[in-house]
Every structure is written in structure tokens, then in C-alpha cells.
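Right, one structure below, let's go through it.
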Amino acid sequence: MAGNTPEDITQATLIRVVDELLRETDPILVGPADSLHRMAEQAVERPICRVLSVVDDDRRLVGLVPVRLLVNDIFLKIVPEEFLGIITDIEDVMEYARHVGARTAADIMLAPVSIHRDQTVRDAFEVMHKARLNGLPVVDEERRVVGYVDQLELLLVWVHATGREPLLRPETGNGDSGRP
């Protein structure tokens, strides 16, 4: 394990070490032709995985479907009036039209972003932040999905590795540990 400064933890701890410390979260794999219904069923079965990996027949990553996007598309079809109020310009109209017709993973997927097992916790945080995702698929050298890592898992690794849990609790001034 890396040293105990936050910088050491985030810059030196490899994603494969995260897998060793925590139970590995299996990725949710879907195909480009999979329906919104099938993806929703899979997401509900494993709610800890908040980003679905769209893969080709060789299990290579071709896109991502964040659960929040899937939920939006499903509710757009159920209660479209809730979404009509947020349309303010032509770009919103075009986006709305694209999502109204969405039926498959390929219709709503985002461009693929991922992390490799030999990248660091810092790399994973950075990629998640830039892509505005809560989780990422872990891929091998041939872009085959081999795992999944989530922001909460990375945060847990940092808290445990640094021993800095007290820094994250509010000060109470009365000797209370801040726990409920």
C-alpha cells in the first residue's frame, strides 16, 4: 500500500490494489442492441454499479450508460410533461427528440471512458470527474471490460488507508466523536 499522505494514497495506489482491498464489483455488461427495459432490470439487480458498460461481442467497451441517464430516458417515456418544462432552446429540443425515440443502449450510450488496473486511484477520480460519472469500467489492454470501480469504493479506500476518518467528522467540542 502507498504511504499515508492523501497524495501518496491517490497517486500511488493502483486500481488492482483497490480490487484486493474491497470485494470486486462485477460490471454490468450490455450490448448495443439491448433494450432500455433489459438494462433497467440489470441495474436494479446490482444497484451498486451505477454505470453500465456497453460492449461488443468480444466484450470490448464501446460505450457507457450511466444509470441516471437510463432512469431519465425511462421516465421521459412515462411522464414526458415533466421534461417539457426544461426545454429552453433548439439544442434541448434536439436532445429531447433523440431521447424520445431511444429504445436501445446504442441510442443513449455515451462515449466510452475507462480505467486500467495499473492506473491509480487519482487517475480514476480524475477520469470520473471529467466524464461526470460515478463509476468506471476497468479494462484490459484490449479494452475488454474486466471490472468496475465506483467513487464510493475509492473514497472508502482513501479513508481506511489514511486513517483520517476523524478529519471527516464534525467537531462537537464536547468530546463526542461525532457519531450518531
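Here the CD1-OG1 distance, from I15 to T120, works out to 7.0 Å after rounding to the nearest 0.5 Å. Separation of atoms OG (S114) and CZ (R144) is listed at 13.5 Å; rounding is to 0.5 Å. Interatomic distance, CD1 of I28 versus OH of Y148, reported as 8.0 Å (0.5 Å rounding). From D140, atom CG reaches atom CZ of R143 across 10.0 Å, with rounding to the nearest 0.5 Å. One finds the CD atom of E141 at 7.5 Å from the CG atom of D118 (value rounded to the nearest 0.5 Å). Of the inter-residue distances, the one linking L69 atom CG with R50 atom CZ reads 15.0 Å to the nearest 0.5 angstrom.
The two residues A105 and G31 come nearest to each other via the heavy atoms CB-O, 3.4 Å. Minimum heavy-atom separation, C49 to V67: O-CG2, 3.8 Å. Taking both residues in full, the closest heavy atoms of H116 and V139 are given as ND1-O, 3.2 Å, listed atom of the first, atom of the second, then distance. Contact between P112 and L64 at its shortest, heavy atoms only, is CA-CG, 4.2 Å.
L133 has its side chain within reach of P66: a pair of non-hydrogen atoms, C-beta onward, lies under 4.5 Å apart. With contacts defined as side-chain heavy-atom distances shorter than 4.5 Å, the pair L29/S53 qualifies. V149 places a side-chain heavy atom less than 4.5 Å from the side chain of M128.
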| request: Please assess R46 against Q42 for the test side chain to side chain donor-acceptor pair (under 3.5 Å), listing each intermediate value before the final yes or no. | output: CA-CA 7 Å; R46 281 187 276 146; Q42 288 190 291; over 6 Å; no
| task | Before giving the answer on side chain to side chain contact (heavy atoms under 4.5 Å, CB included), spell out for L36 and I108 the whole-Å C-alpha distance, their side-chain angles and the decisive distance to 0.1 Å. | result | CA-CA 9 Å; L36 299 182; I108 65 169; 3.7 Å; yes
| request: For L136 and V51, run side chain to side chain contact (heavy atoms under 4.5 Å, CB included): C-alpha distance rounded to whole Å, both residues' side-chain angles, the deciding distance at 0.1 Å, then the answer. | output: CA-CA 7 Å; L136 289 172; V51 177; over 6 Å; no
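When V65, T104, V145 are each tested for a side-chain contact (heavy atoms from CB on, under 4.5 Å) with V54, only one passes: V65.
Atom CG of D58 has more than 12 neighbouring heavy atoms from other residues, nucleotides or ligands inside a 6.0 Å radius.
Qualifying side chain to side chain contact (heavy atoms under 4.5 Å, CB included) partners for E45, counting only residues two or more places apart in sequence or in other chains: none.
Listed for the R60 side chain is a donor-acceptor partner under 3.5 Å among the backbone atoms of E142.
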